[in-house]
Every structure is written in structure tokens, then in C-alpha cells.
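A short worksheet on the structure shown next.
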Amino acid sequence: MAGLDVDGLGRWLRIYAASVAEHQEELTSLDAAIGDADHGANMHRGMAAVVDGLAATPPADPAALLKQTGMVLIRSVGGTSGPLYGTLFLRMASAVGGETALGPETFAKALRAGVEGLVARGKTELGDKTLYDALGPALDALDASLGDGEPLAAALHAASRAADSGRDATTPMVARKGRASYLGERSAGHQDPGATSAALLVAAAAQAVAEGA
Amino acid sequence: MAGLDVDGLGRWLRIYAASVAEHQEELTSLDAAIGDADHGANMHRGMAAVVDGLAATPPADPAALLKQTGMVLIRSVGGTSGPLYGTLFLRMASAVGGETALGPETFAKALRAGVEGLVARGKTELGDKTLYDALGPALDALDASLGDGEPLAAALHAASRAADSGRDATTPMVARKGRASYLGERSAGHQDPGATSAALLVAAAAQAVAEGA
Amino acid sequence: MKKLLNDPADLVAESLRGLDRAHPELRVDHENRIIYRADAPVSGKVGLLSGGGSGHEPAHAGFIGPGMLDAVCAGEVFTSPVPDQMAEATKKIDGGAGVLHLVWNYTGDVMNFDMAAELAAAETDTTVEAVVMNDDVAVEDSLFTAGRRGTGAAIAVEKIVGAAAEQGRSLSELADLARRVNDNSRSMGMALTSCTVPAKGSPTFDLPDDEIEIGIGIHGEPGRRRVPLAPAREIAQMLVDPVLADRDFTGGDGVLVFVNGTGATPLLELYLMYGEIAALLEKAGVVPVRTLVGPYVTSLDMAGCSVSITQLDDELLRLWDAPVATSGLRWGM
Amino acid sequence: MKKLLNDPADLVAESLRGLDRAHPELRVDHENRIIYRADAPVSGKVGLLSGGGSGHEPAHAGFIGPGMLDAVCAGEVFTSPVPDQMAEATKKIDGGAGVLHLVWNYTGDVMNFDMAAELAAAETDTTVEAVVMNDDVAVEDSLFTAGRRGTGAAIAVEKIVGAAAEQGRSLSELADLARRVNDNSRSMGMALTSCTVPAKGSPTFDLPDDEIEIGIGIHGEPGRRRVPLAPAREIAQMLVDPVLADRDFTGGDGVLVFVNGTGATPLLELYLMYGEIAALLEKAGVVPVRTLVGPYVTSLDMAGCSVSITQLDDELLRLWDAPVATSGLRWGM
Ligand SMILES: Nc1ncnc2c1ncn2[C@@H]1O[C@H](COP(=O)(O)OP(=O)(O)O)[C@@H](O)[C@H]1O
Ligand SMILES: Nc1ncnc2c1ncn2[C@@H]1O[C@H](COP(=O)(O)OP(=O)(O)O)[C@@H](O)[C@H]1O
Ligand SMILES: [Mg+2]
Ligand SMILES: [Mg+2]
Ligand SMILES: [Mg+2]
Ligand SMILES: [Mg+2]
């Protein structure tokens, strides 16, 4: 495969939107346990707006698509996840420059730039029990697989497994950031909702690339 | 028996207070169905105050006792039942004059005067689904029994049975007075709380006279 | 039952102690459970007295102050206060121009206020007039029943008559005005859930998760009928229709619309209901010119709302807008 | 779930429509979900902007008006509004003296307001300062966590800074004042029941009939700990103790005590709680000189309460007493 063009990226976002819709109740239930019971609604509102936006004003190239996605998320989600996911896509957009199809390395680098932007915005680190605990391991797995010469589809598949493990690993953590941190020790024993939606984002990328191949 | 003196009347009120305490929840549940769920608390508050008052300032004669009872009920109950039961006792007090022991006829006449006062205050008539539906039949049974030459104990026993039947007969009635009237047809099928406490009052009189005999 | 109290039997007394501490501009006679303006009696002004059972806060004590009531009597939860309280309160606020009793139409309240007026007449030379407020269209009105209940429109009556009393109007003028505002008003309420009376400790009625009660009273008395849970739009219609069917509100200088919360319904929902209700009124040619949205006449922890409409004219509008300084309603001072 | 709404997805939008109709003294930008003073921008006055998730009514829109806020942004239920809204609102209320963002300390709110300030700086020449309010002692404070939550004390900050803004004070003076009132304030809350977020349709948490949650947040976030249901007297102690342990309130010119209802708790109970709390404060040598009791910062239909204490001095007292005209707080005008 040559790389992810604007259609491939659009596929990614549509698959993610569908996946968020499917898991909306689960995300909200997880947030009810250690937060305020809105993460499912937030992500669903945002991704539905993203998909609508893609249909209404189809972007010309990857940078435009990623920027539009970031802006729509920031404008429509609110809460904690809006600025964080929004920043992720805005930084990805800056990182891809004018390319029309993102090769594996470009995609991986852009994703890392996006996650770094998110981390800076959230002032978070690994082990805080946030979406970064799913995204961080996914980035490392992606780079490692690509370094081993795997194609993007396989590498994203590995990244998705790493994100899932990272998500699972949030369960015993005591939250240090976000609303769950108010619970202190009581936050342990609950899977983080943001890490859960982040793992779905990586899974959607793997699926989008696999389907495009 | 010579008649009901101040001790006998005090016995009546103490028995009634105990009976109301025992039936408090039942009275409140009946009121919850077609009213505002306070008839048990109202009657209990009032009769507890009456009993306390009798101990604190023992009245000298029947008129004083009945007047004190009426005043305490009016001062402590509130709602619909306070003025009604209060009026009953105040009118009884006026009716007994200076007598120190009430013979059967005097007691019966006084009770009728009391109930008439209550009816005037409540602007009610038989069939309205109120306490009068228990008290009215009780008065008639009392007069009939006494007319047949029965002693007061037996006559009050008959009156109590009549009050119980009157109380039971309120169940199918559609209320025309008080809070239950707001329900219209929906008030049918529920026993009236006020008729229930009124039947207890007549039963307490029968018991007080029987025990004093 | 989950409530912030110690012993249910002490709830009213202890709540009045907190109210007393919280409001230096009021005085509380704890023995008689009377709450009154610290500056009572106001010389030359007709005293305005209302009250009723507790559990409707901010009614009644929340409406005491310049431009509204002079005193209220607090009964037990959902139980009318007693004549002694009312007679004593009448004395406390008699500034020489007489005292107007504003009575919410419930058998108990009417009887107790009647007896209080008799007491006051016997014991003092205070002139007392009473006006009975009965605005609830859920109840059939008839000479042979207890008549319609006094509900939300009492707020309009008490506010408007309170403003007129500050102008120095006479007792009989104020009584006429109270009757006029009452005649100009209609209300209708509904409940999503029952309230729980503390002394009982469990809900007054069982309402399935998918049913609501239309025509509820302010003491959790069951209403006209039960219907399936419906969207706010339809509920608004079920409240507005009987109100408009009972009186023509298209004339005059527009209406006051009061959307009342019964206790547990959030303001977020009440504003939504106001939007639905205002739209229905406008469609019917009724023009809201003044609005009140919030929990003013509550029924403990009942979820639900009621709507009260008062026909205004130039005079009533000016009196509604006049300054008032109570903890429940305040503007202009 | 029993609520007065049509579709949960439309709740906020439809509630704002009702609010718009009900309050001619406000303007609503429905597209951006901004509520602002009809006379905004007030020339020469610093604009005060706050806001946050919906579901806390009367916070935040109930505090817009002369003497308090100039605008608020409304988010979805319990979800921070977005930067575009805030940037647009900032423009609307900039009267040339800059705009102060009064931000309730939640990760989402802080991030969105940060981004809004960046947007405003990029797009306009409005000077923006932000003050984050964080008064909730239930939460451990640390540089490495999200820090303490912004809860009831925001009302004191917004009222006092609002009064100072009317006097024409500068942006940096007002920011300092806001920080000072925030530093002077501590809060602690509790819940008897969970709230139900409409989009979820069921209670956020399960609380058994015989347990309460101490240290609850205003979004139904679980609190510090669960304890058995207790008498009001003991609950008051559980709220007051951590507040007084965190700051010395015995100095100055007394304190403002704010007993807040979380939505479904009747005023009758809140006054009782105030009585218990005031007694505890007095025993600890803390003197309440101003009081606010009622549902001002709610959590939808949650039953419970919170207490906020603000240390006052002569200046803060005068600013608290200064005229204010909002639908939630009003006096002196
Ligand atoms: N400082 C932070 N940095 C990164 N992620 C965070 C941070 N704080 C919270 N999160 C993530 O946000 C998620 C919650 O998102 P959401 O429920 O949409 O927002 P809110 O908490 O404002 O309601 C958490 O599960 C967590 O993964
Ligand atoms: N007008 C009336 N005349 C006589 N009795 C009445 C009248 N109205 C109501 N009642 C009686 O009062 C009872 C209710 O008393 P209670 O619950 O104590 O007062 P409230 O209705 O004020 O809460 C009813 O069950 C009925 O028997
Ligand atoms: Mg959340
Ligand atoms: Mg009753
Ligand atoms: Mg009652
Ligand atoms: Mg949220």
C-alpha cells in the first residue's frame, strides 16, 4: 500500500465514529463509576459531528482532514476529551505537511506528534490513568513493528493490541489526573473511560488500513 | 353505675390516646391513599398532648376536662381534624353544665351536641365520607339502646358497633368534603381515615365505661 | 427515607431555628411558630398574614418582608397551623389598620383561620378580613365540596396585595384586590414522583416508573388522573389546556406566567417547561408579559411542576413590578 | 428516568429557549450557547465571564446581571463548554477594559478556557485574565493532580468581583480580588442520593438506602467516603470539621456561610442544616455575619447539600452587600 490518503483517513474516522456509537453506553458506564457519566455522550457527539463535517465539506488532503477533525472535536465535545482529542488531530495535521498520502513512517510520526500535543495539553504522564496509558504503548508498538519491517496494517494491528493492554492496565491504577483523581484510592479497580475510547481509536486505524489494503 | 365522672372521662381519653398511638400508621396509610398522609401523626400529636395536659393540670369536673381537651386539640393538632375534634369536645363541655358525674342520658346528649357542633363546623352531612359517617350512626345506636333501657356500657358497645359499620360504609363512598373530595370518583374504594379515628373514639368510650363498671 | 433531619418530630421546629439564624430581618416566635417582619407592626399599614402547613418552602416564610407579607404561621408538615398561632400573629402585625388573612383553600386551613378570626374578634379590637385563594382547576368547583385548592396563584395574590398594602390602602380595598387577583388566576400541576412525608417515612403514593399524575395537589394528594410518562411538550399541553378552558386569558394587558417546581425538579427542566408553555400560550393568543420560573411552592421532595396564569391589567402590572424584599422574591430594593 | 424533557439530546438547547423567553434582561446566542447581559458590553467596565457544564442551575446563567457576571457559556450537561463559545462570549462583553474568566477548576473547564484565551489573543486585542476557583476541601490538593474542585465558593467570588467590576476597577485588580476571595473560601459537600444524567438515563452511582456519600462533587463524582446515613447534626459535623481543619476562619470580620442544596433537597431541610452548621461554627469561634441558604449550585436531581465558608473583611463585606440584579441573587436594585 502506498499510504493513507484522504479517503483512508476518512475511513478511519468513520469506523471510529461507528465504534464509539456502538460502545457509547460502555464508555458512559465506565465514566459513571469514576467520573461524571458523560464520556460516551461526549465522544459520540464529537465523532458524529466529525463524520457529518466530512460529508458536508470534504477536505482536500490529509492535513485539511486532520485539521478539520481537530477543530470539530474542539468545537463540539467540550469537557476534558474535547480539547485532548482535538489537540491530537490538530498536531497530526501540522505534522503531515502537504503530503497527499501518508506512508507508514509519516503516519506513525504524525500520530506521535499528536499524542505529544495531547500529553502537553493534559500535563499527563504514563500511569496517571488517562488516555495516554493506551496511546503511549500503542505508539511504541507501532514504531517497533515498522522498525521490524512490518507493513502498516500489521503494525497498526500490533499497536491496537498494545493499546488494549494499556487500557486494561489502567484498571488497577490510582488516577492522578482528571475527574477520577478526586476519588484517590477509590479510583483503583475501574478501567479508565478515556483509555477505552483511545484503544478504540487505534483499533479503528488498524481496521481502516486493513480494509483499504 | 352512677355515671361518668372526671376519672371516667379521663380514662376514656387515655384509652383513646393509646388506641390512636397503636393505630397511628394505619390512620396515616389511609390518609396517604386519599389525602396527605398525616392523619395518624395529627391525632397522635393531639391525643398525646391531651393526656399530658390531664396529668399536668388535672381538671376539677367533667366540663373542665372536656373544655381542656377541646382546647388542647385545637391548639396542637391543626389541619382538618384539630378544629373538628376540638369543637366536638368544646360543645360537649357546654352541654354538661356543672354536673360532676354524667349519667347515660347526659352523656348521650352531650355527645350529640358535640357532634352537631362538629357537623356545623365542617358543613358536612351523612354520606360525605367524613368522621360524621362513623359518629352519626353511633349517636343513633346509643340513643336507641338507652331508650331500650340498656345500661351505658351496653349502649356504648352498640354505638361502637354502629360506628364501625359506619366507618366500613365509607369505603365505597365518593368523598364530597375534605381533601379526599379532590379525587372525585377515585376516592371510592378507600376507607375514610377520619371515620376510622372516630370509630376508635367510640370504642374507647365503650371500653372506658366497661372498665369503670 | 433519606432526609437531612434529626428526628422527624423536630423537623419543623429545628428548621425554624435555622431560618431564624439565617434571616436577621425576620423574627421567629418559636413557641407559636410565627415568623414576622422584624419591624412589625408597621404603623398605619394593613397587616398581611398567611401561612399553612410546612413543606412548601420558600412558601410561606420566604414571602415575608416589605412589599409582601407581614407574618406567616407554620404548621406541621402539610398540616394547617392552629387558631392560637394565627390569632397571636394577627396581634403582632396589627398596625392599627386591620389585618388581612390570606387563606389557601383547604378545609383545615379555612376552619383554623375562621376560628382564629373568632378568637381575634373576642380578644382584641383588631379588624380582620379573610380572603380564600382557590386557583387549582384540577378540582371541580361546587358549593357542595371543599372547592378548588389554593396553589401557585397565592404568590401573585400575596405579592400584588403586599405592594398595595405598602401604599396604605385600606383593609377592604386590599381584600377586594386579593379577590380580584385570585379570580384572575388559574393553576394546574403534575407530579413525576411522590413526596415522602417525614413522619410517614415512605412515599405518599406509588407511581410506576412509566406513569405521571396530572392534577396533583401541593400536599401530594393524588390528582385528576394518571397517564403514561410523556414528553415535556405533551405534559405542557395537559397543564395549559384545562387552564385556558377554564378562563379566557386573551384580554387585558397580558398575563403573568408562573412555572413552579414542586421540589425535586431541576431548574434546567423548569425552563424547558416554560419554553413549551409560553409557546402554547402564544399560539392561543395569550401574551406572557411577566414570568416567574422556579421552586416557590414546593411539596417537599416531589418531582414535578405546576403552571399558574394570572390575568394582568395596568394596575396589577404596576403592583407586581413594585419593590419587594423577601428571601423568596426580591426586586427594586 | 422521569424528567421534564423531550429528547435528552435537546435538553440544554430547549432549556435555553425557555430561559431566553423568561428573561428579557438577558440575551441568548443559541448557536453558541452564550447567555449575556442585554446591555453588554458595558463600556469601560471589565467583562466577567464564567460558565461550565449545564445541570447546575441557577448556576451559571442565574448569576448574570448588573453587579455580577456579564456572560456565561453553557456546556452540555456536566460537560465543559468549548473554546469557540468562550472566545465569542469574550468578544461580546469586552467593553474596552478587558475580560476576566472565572473558571471552575475542572480539567476540562481549565483546558477549554485556556484554549479560548489563546483564541481570543490570536483573533482580537482583548486582554484576558483567568482565575481558577478551587475551594473543595474534599479533594487533596497537589501539583501532580487535578487539584481541588471549584464548587460553592464560586458564588462568593462572582458576586464580590461583580460588585467591584461595577466600581470600575481594573482587570488585574479584579483578578487579584477573585484570587483573594477564592483563597478565603473552603467548601465541602455530601449526597443522600445520586443524580441521573439524562443522556445516561439511570443514576450515576448506586447508593444504598442506608448510606450517604461524603465529599461528593457537583457532577455526582463519588466523594471521599461512604458512611451510614446519620442525623443532620452528625452530617453537619462531617462537613464543617474538614472545612475548619483546612483554614482558620476565626479572624477577620466574620464569615459568609453558604448552605447549598444540590437539587432535590427541600429548603425545609436546608434551613435545618444551616441551624446545625451555624451552631457548630459558633462553638468553634467562627462568626457567621452573612448567610445564603438554597439551591444555587445544583447537581441536577441529586439530594444533598454542601457548605461553603468565606472569610470576610470590611471590603469584602461591602462588596457582598452591594446591589446585584440577577435571577439567582438579587438585592439593592
Ligand atoms: N489531564 C489529563 N490528561 C489526559 N487525559 C485526561 C486528563 N484528565 C482526564 N483525562 C481523560 O479524560 C477522560 C474523561 O473524559 P470525559 O468524560 O469526556 O471528560 P470529563 O472528565 O470532563 O467529563 C478520562 O477517562 C481520562 O482518560
Ligand atoms: N368538612 C369536613 N367535615 C367533617 N370531617 C371532615 C371534613 N373534611 C375532612 N374531614 C375529615 O378529616 C379527615 C382528614 O383529617 P386530617 O388528615 O387530620 O386533616 P387534613 O385533611 O387537613 O390533612 C378526613 O378523613 C375526614 O374524615
Ligand atoms: Mg466525564
Ligand atoms: Mg391529612
Ligand atoms: Mg394535612
Ligand atoms: Mg464531563
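The figures that follow rest on heavy atoms only: side chains count, while hydrogens, waters and symmetry mates do not. In the text below, chain A, chain B and the rest are named by the order of the sequence lines, each starting its count at 1.
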What option among D:D136, D:V82, D:D206, D:D109 has the most heavy-atom pairs under 4.5 Å with chain A? D:V82

Answer yes or no: is there an ion pair linking D:E213 with A:R186, defined by an N-O contact shorter than 4.0 Å? yes

Just wondering, more than 12 heavy atoms not from A:H44 lying within 6.0 Å of its NE2? no

Within this structure, what is the CE-CG distance for the pair D:M115 and A:L90, rounded to the nearest 0.5 Å? 6.5 Å

Is it the side chain or the backbone of D:N105 that comes within 4.5 Å of chain A heavy atoms, both, or neither? backbone

Between A:T28, A:I74, A:T124, which residue shows the highest count of heavy-atom pairs closer than 4.5 Å to chain D? A:I74

Within a strict 4.5 Å, meaning less than it, do heavy atoms of the A:T80 and D:S80 side chains meet? no

Which portion of D:E221 sits near chain A, non-hydrogen atoms under 4.5 angstrom: both

Most chain A-contacting option - heavy-atom pairs closer than 4.5 Å, from D:N112, D:V110, D:V197, D:V139: D:N112

Which pair of non-hydrogen atoms, one from D:A199 and one from A:A41, has the smallest distance, and what is that distance? CB-CB, 4.3 Å

Could you tell me which portion of D:V77 (side chain, backbone, both or neither) has an atom closer than 4.5 angstrom to a non-hydrogen atom of chain A? backbone

Output for pair (A:Y182 OH, D:T107 OG1), nearest 0.5 Å, gives 5.0 Å

Quick check: closest heavy atoms across A:A32 and D:K200, and the distance to 0.1 Å? CB-CE, 3.5 Å

A side-chain contact here means heavy atoms from C-beta on lying under 4.5 Å apart; do D:E76 and A:D38 qualify? no

Smallest heavy-atom separation, D:T79 atom then A:V77 atom, equals CG2-O, 3.3 Å

Output yes when D:E88 and A:R75 qualify as a salt bridge under the 4.0 Å nitrogen-oxygen rule, no when they do not. no

What residue in A:E185, A:K123, A:R45 has the most heavy-atom pairs under 4.5 Å with chain D? A:R45

Below 4.5 Å from any heavy atom of chain D, which atoms of A:A175 appear? Answer side chain, backbone, both or neither. neither

Counting only heavy atoms not in D:K3, do more than 12 sit closer than 6.0 Å to its NZ atom? yes

Please rank A:P83, A:A37, A:S81, A:S76 by heavy-atom pairs under 4.5 Å with chain D and give me the top one. A:P83

Does atom CZ of A:R91 have more than 12 heavy-atom neighbours, drawn from other residues, nucleotides or ligands, at distances under 6.0 Å? no

Atom CD of residue position A:E25 - does it have more than 12 heavy atoms of other residues, nucleotides or ligands inside 6.0 Å? no

Sort by residue number and list every residue of residues 51-59 of chain D having at least one heavy atom under 4.5 Å from chain A. none

Can you tell me if NZ on A:K109 sees more than 12 non-hydrogen neighbours from other groups inside 6.0 Å? no

Please find the pair of heavy atoms, one from A:R179 and one from D:Y106, that lie closest to each other, and give the distance. NH1-CD2, 3.7 Å

Checking A:S187 against chain D: side chain, backbone, both or neither under 4.5 Å from a heavy atom? neither

Heavy atoms only, distances under 4.5 angstrom: which of A:G122, A:G79, A:G78 has the most pairs with chain D? Name it, please. A:G79

